[in-house]
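Below is one structure; the comments refer to it alone.
Throughout, residue positions are numbered sequentially from 1 according to the sequence presented.
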Amino acid sequence: MFTPQGPTLRELAVQALSSTMRGYDLLAPKFDRTPYRTPVRVLDAVERTVRPLGPFARGLDVCCGTGAGVGVLRRLCGERVTGVDFSAGMLAVAQAGRGPTPVPGDGPAVDWVRADARALPFAPVFDLALSLGAFGHFLPRERPGLFGQVHASLRPGGRFVFPVGAPPAVGSRAYWSLFGFDAAMRLRNALWHPRFVMYYRTFPLPAVVDDLVRTGFEVRLLPMEDLGRRPDGSPRARLVVATRR
């Protein structure tokens with residue numbers, strides 16, 4: 001499926017009928033050969049947009065998966081980087097260095113921590129926290145708690161950053177594709193347990209900004225110019241920059 005080296009249709013079916021954690025444990029060895037990994041052009045755009053906000057000493061990749069964000073943080077942070085994820089399988093791939101983005105050998109040291117992002121085991125020691133492509137695994141009611149955990153892991157003045165793509169036009173093929181995926185996932189979770197939580201339409205930017213502000217962040221949005229603009233002139237993606245007060 002996707003590439004000759006990627007997961008088969010049967011493997012994807014088994015993953016989809018597993019819990020979120022077990023599903024990612026199963027998918028981990030082939031995850032980076034699927035479209036689910038963060039594209040390199042997005043990683044590069046995040047890095048270029050964040051760099052002027054530094055310097056940064058310690059970085060945290062929240063829901064790090066196979067380590068794509070850790071690679072970005074190692075190029076942005078001068079002291080130490082930590083990747084945290086709840087999937088042992090994804091962490092094993094990351095720790096083995098088989099993730100999608102090579103990192104410089106002389107960059108800051110990396111720690112890998114297995115933990116749920118809703119219960120992060122960190123003191124407020126990080127200058128920069130990053131998350132890529134993970135928020136669909138959290139229900140809207142879980143967002144304030146998740147953001148609170150990141151807030152508590154940052155030093156005062158530390159920044160929490162993540163990219164958000166512009167929503168597809170209502171009625172477009174992309175719109176109906178995401179609508180159909182979420183509907184199918186809701187039906188699956190209503191009929192089958194354990195649940196696999198993955199939704200594309202539960203992270204609207206205005207509500208997300210409101211949750212961040214209520215958590216204690218100051219929020220601004222930066223256009224990610226490397227990813228271009230839509231025909232109406234609006235950016236195709238923005239970087240949310242949430243600063244701990």
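Taking the six-membered ring wherever Trp is involved, the centroid distance between the rings of F86 and H137 does not fall below 6.0 Å. If you look at F217 and F147, their ring centroids are not closer than 6.0 Å.
Taking the six-membered ring where tryptophan is involved, the planes of Y175 and F179 are essentially parallel, since the angle between them stays under 30° and well short of 60°.
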(request) List the steps and the verdict of salt bridge (Lys or Arg N to Asp or Glu O under 4.0 Å) for D127 and R155. (result) CA-CA 6 Å; D127 306 290; R155 295 171 176 167; 3.0 Å; yes
(message) Before you tell me yes or no, could you show the steps for C63 and Y24 under side-chain contact (heavy atoms from CB on, under 4.5 Å), namely the whole-Å CA-CA distance, both residues' side-chain angles and the distance that decides it to 0.1 Å?
(response) CA-CA 12 Å; C63 305; Y24 274 101; over 6 Å; no
(request) Determine, stepwise, if the pair V219 / V240 fulfils side-chain contact (heavy atoms from CB on, under 4.5 Å). (result) CA-CA 7 Å; V219 181; V240 177; 4.1 Å; yes
(request) Apply side-chain contact (heavy atoms from CB on, under 4.5 Å) to the pair F56 and V50, showing each step before the final yes or no. (result) CA-CA 10 Å; F56 306 102; V50 172; 3.8 Å; yes
(request) Go through the steps for M224 and V46 under the test side-chain contact (heavy atoms from CB on, under 4.5 Å), then give the verdict. (result) CA-CA 7 Å; M224 298 176 66; V46 169; 3.5 Å; yes
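For the residue pair T215 and P144, the shortest heavy atom distance occurs at OG1-O, 4.1 Å. Between P124 and R244, the shortest heavy-atom distance links the atoms CB-NH1, 3.8 Å. The minimum heavy-atom distance linking G23 with S18 is given by the pair N-CB, 3.8 Å. Between G83 and L91, the shortest heavy-atom contact is O-CD2, 4.4 Å. Minimum heavy-atom separation, R236 to P231: NH2-CD, 4.5 Å. The heavy-atom pair separating G6 from E11 by the smallest distance is O-OE1, 4.4 Å.
Here the CZ-CZ distance, from F181 to R186, works out to 11.5 Å after rounding to the nearest 0.5 Å. From T243, atom OG1 reaches atom CG of L53 across 8.0 Å, with rounding to the nearest 0.5 Å. For the atom pair L12 CG and Y36 OH, the distance stands at 5.5 Å (nearest 0.5 Å). Rounding to the nearest 0.5 angstrom, the gap separating the NE2 atom in H151 from the CG atom in L146 is 13.0 Å. If you take CD on Q15 and OG1 on T20, they are separated by 9.5 Å, rounding to the nearest 0.5 Å. A distance of 12.0 Å separates CD of E142 from CD of Q149, quoted to the nearest 0.5 Å.
Side-chain contact between T49 and V161 is absent, with no heavy atoms from C-beta onward closer than 4.5 Å. The shortest distance between side-chain heavy atoms of S131 and F160 falls below 4.5 Å. Within the 4.5 Å cutoff, the side chain of P168 has no heavy atoms near those of the Y200 side chain. At least one side-chain heavy atom of P163 sits less than 4.5 Å from a side-chain heavy atom of L132. A heavy-atom distance below 4.5 Å is not found between the side chains of F135 and R143. Side-chain contact check for L76 versus R51: some heavy-atom pair is nearer than 4.5 Å. The closest side-chain heavy-atom distance from R41 to D44 is not below 4.5 Å. Side-chain contact between R37 and T66 is absent, with no heavy atoms from C-beta onward closer than 4.5 Å.
Hydrophobic clustering (ILVMFWY, side-chain heavy atoms < 4.5 Å, transitive): M90 and L27 are in one cluster. V84 and F31 sit in two unconnected hydrophobic clusters of ILVMFWY residues. Membership requires side-chain heavy atoms under 4.5 Å apart, directly or through other members. Hydrophobic clustering, with ILVMFWY side chains joined whenever heavy atoms are under 4.5 angstrom apart, groups V150 together with L221. One hydrophobic cluster, built from ILVMFWY side chains closer than 4.5 Å, holds both L73 and W112. Transitive grouping of hydrophobic side chains (ILVMFWY, heavy atoms separated by less than 4.5 Å) keeps L222 and V164 in distinct clusters.
The main-chain N or O of P108 is found under 3.5 Å from a side-chain atom of R74 such that the two form a donor-acceptor pair. No donor-acceptor pair under 3.5 Å is formed between the side chain of D182 and the backbone N or O of Y199. The backbone N or O of A16 lies less than 3.5 Å from a partner atom in the side chain of R188, making a donor-acceptor pair. Using modelled atom types, one side-chain atom of D25 and one backbone atom of G89 make a donor-acceptor pair closer than 3.5 Å. A donor-acceptor contact shorter than 3.5 Å links the side chain of D85 to the backbone of G65.
More than 12 heavy atoms of other residues, nucleotides or ligands sit less than 6.0 Å from atom CZ of R245. The environment of R195 atom CZ is sparse: at most 12 non-hydrogen atoms of other residues, nucleotides or ligands sit within 6.0 angstrom.
Between E47 and the choices D226, L130, V72, the side-chain contact (heavy atoms from CB on, under 4.5 Å) rule is met once, by V72.
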